[in-house]
Protein chains: 2
Amino acid sequence: MKPLNQNTEDAVSAIYAQLREMAASFAFKPGERINESALSRALGASRTPLREALNRLVAEGFVDFHAGRGFFCRALSETRIQHLYDARVAIECEAVRQATQRARPADLDAIELALDQSHDEYQTCTNPIRLMELDEAFHMQLTALSENAELQSLLATIYDKIRFVRTADLRRLQATGRSTTHRHKRIIAVMRTGDGMAASEAMRAHIQDRAQHAAEAVRLAFADIYAPKEASE
Amino acid sequence: MKPLNQNTEDAVSAIYAQLREMAASFAFKPGERINESALSRALGASRTPLREALNRLVAEGFVDFHAGRGFFCRALSETRIQHLYDARVAIECEAVRQATQRARPADLDAIELALDQSHDEYQTCTNPIRLMELDEAFHMQLTALSENAELQSLLATIYDKIRFVRTADLRRLQATGRSTTHRHKRIIAVMRTGDGMAASEAMRAHIQDRAQHAAEAVRLAFADIYAPKEASE
DNA sequence: AGGCACAGCTTTGCATGCATTGCAAGGTTG
DNA sequence: CAACCTTGCAATGCATGCAAAGCTGTGCCT
């Protein structure tokens, strides 16, 4: 059995990956119309594969599509951010509950080791993007222990949507000299007791704590960088 | 002010809606390759809008795309069904928790009334599709009380994916002469106490009870209707 | 007999083009 | 002067066509 040409990525998938990264890093202004011709030129492809990729983003909620008018970057209202954080709570709490039942001590050791190893970098890191990657890695690793591909992919999509917000939040958190490492270690500790419910509640408290701050961070960040016309939707 | 042409649905959205319905009702055999030319002819459109719609389904996980080989109906392994049910638990439990806090008594009255009104139809209905619609309506109404659009859309996608399985399950449930109405009413009753945690646990128990039976139902249904080549993925 | 290679046919991948529609600027009228 | 209509441009919507890649069936070789 040959590996086929899995390596020869097709244009649509390549464009999709680029667009998703652009969307996650807010290369498009919220509410802004996306010009297909210009974007296809910028990406070195034609409009057909670009539109196919954009339709994937529509299904994922990164982009809105209005018949006859085209594609628009989806605005992130404060309400929607709250909804996304609640969805995140739903998925991560269930994932950690499952993970508590499934995970072997060695799995938890591995995650805790990763936390310890990144702790120094966490303290000294000045790049908020990297900060966010470290934080996100913990949550994704933990969710992976649930061994549920659906939960993992749902969570990955949510993280892509709130990444901008979380970056702003973590930047402010670090500015206060604190880190999330010890909070993460506490969650692992609860998981070791084998009480899935308690672990789930610990995760809930952790995320909702950040949601509070994120709501404030986004207000500042939005004012700073963009002027999102409060989408009437 | 004209209504614009919001009513004039564009071809891509129309095709997408049809495809999603076809996918939910398993008009494509699991693992089967989707022939673009034939399908576009059948739908009365050309391949371009069809491919755009298919790319939305790719993002939602209904369809797999392999570069150079085309689109394939995604197979539903037993493992994946379990994962989807767990994802459903995650979302519905959080939604019911939020709903318990938000919902006014009148909201719960409305849902309970709908349950009572459909109870007779539930008992006498012989169409499993209709049976499933009634059951699904309750869960979606309840989730809507969370007032979280993200949770609602995630749940709708999951329901579309497991609809076939649930239809088989509910058919068998009804054959035993029982219904889910009283289970649903019990969940509402717990919500009235205002204890979100308890309501969440009641919902969890309800779904996981059905998940047990669904796993068995799918084994039978798969054997009956399709011969899904256990996708090596 | 089994497997490999090649040829042809089918299907996908994507660029292009044209019709249609939205959008905006300028002109006209009350 | 403001509101409405008109007209031109630009961008979308989608069908089509061609090149490239996959699939299949046949015949040859081992």
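Any value given below was found using the heavy atoms of this structure, including those in side chains, with hydrogens, waters and symmetry copies removed. A, B, ... follow the sequence lines: proteins, then strands. Residue 1 opens every chain.
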Send over the distance from [X] [atom1] to [N] [atom2], rounded to a whole Å.
X	N	atom1	atom2	result
H66(B)	dG22(D)	NE2	C1'	14 Å
I34(B)	dT12(C)	CD1	C1'	13 Å
R33(A)	dT21(C)	CZ	P	15 Å
E36(A)	dA15(C)	CD	P	14 Å
L39(B)	dA15(D)	CG	P	13 Å
L43(A)	dC14(C)	CG	P	13 Å
N35(B)	dG22(D)	CG	P	17 Å

All side chain to side chain donor-acceptor pair (under 3.5 Å) counterparts of [X], not counting sequence neighbours:
X	value
R204(A)	E94(B)
E150(B)	R80(A)
E133(B)	R130(B)
R56(B)	N55(A)

When you look at L19(B) and V63(B), which way does the side chain to side chain contact (heavy atoms under 4.5 Å, CB included) test go after all the steps?
-> CA-CA 10 Å; L19(B) 286 181; V63(B) 159; over 6 Å; no
Could you check whether F65(B) gets within reach of a base, just the sugar-phosphate, or nothing at all, counting any heavy atom under 4.0 Å?
-> sugar-phosphate
Report which part of the nucleic acid I15(A) touches: base, sugar-phosphate, or nothing (heavy-atom distance under 4.0 Å, all strands).
->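 If one applies the 4.0 Å heavy-atom cut-off, I15(A) turns out to touch nothing in the nucleic acid.
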Nearest to side-chain heavy atoms of D10(B), which nucleotide of dC14(D), dT11(C), dA11(D) = dC14(D)
Any side-chain N or O of R69(B) under 4.0 Å from OP1/OP2 of dT12(C)?
-> no
Taking only heavy atoms on the protein side, list every residue of residues 44-56 of chain A lying under 4.0 Å from any atom of DNA chain D, sorted numerically.
->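 Hits under 4.0 Å, by residue number: R47(A), R51(A).
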Pairs in or reaching into residues 72-104 of chain A: which pass ring pair (Phe, Tyr, Trp, His ring centres under 6.0 Å), with residues at least two apart or in two chains?
-> H66(A)-F72(A)
Using the ring of each side chain (for Trp, its six-membered ring), is H184(B) parallel, tilted or perpendicular to H139(B), with breaks at 30° and 60°?
->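 Taking H139(B) first and then H184(B), their aromatic rings stand perpendicular (interplane angle over 60°).
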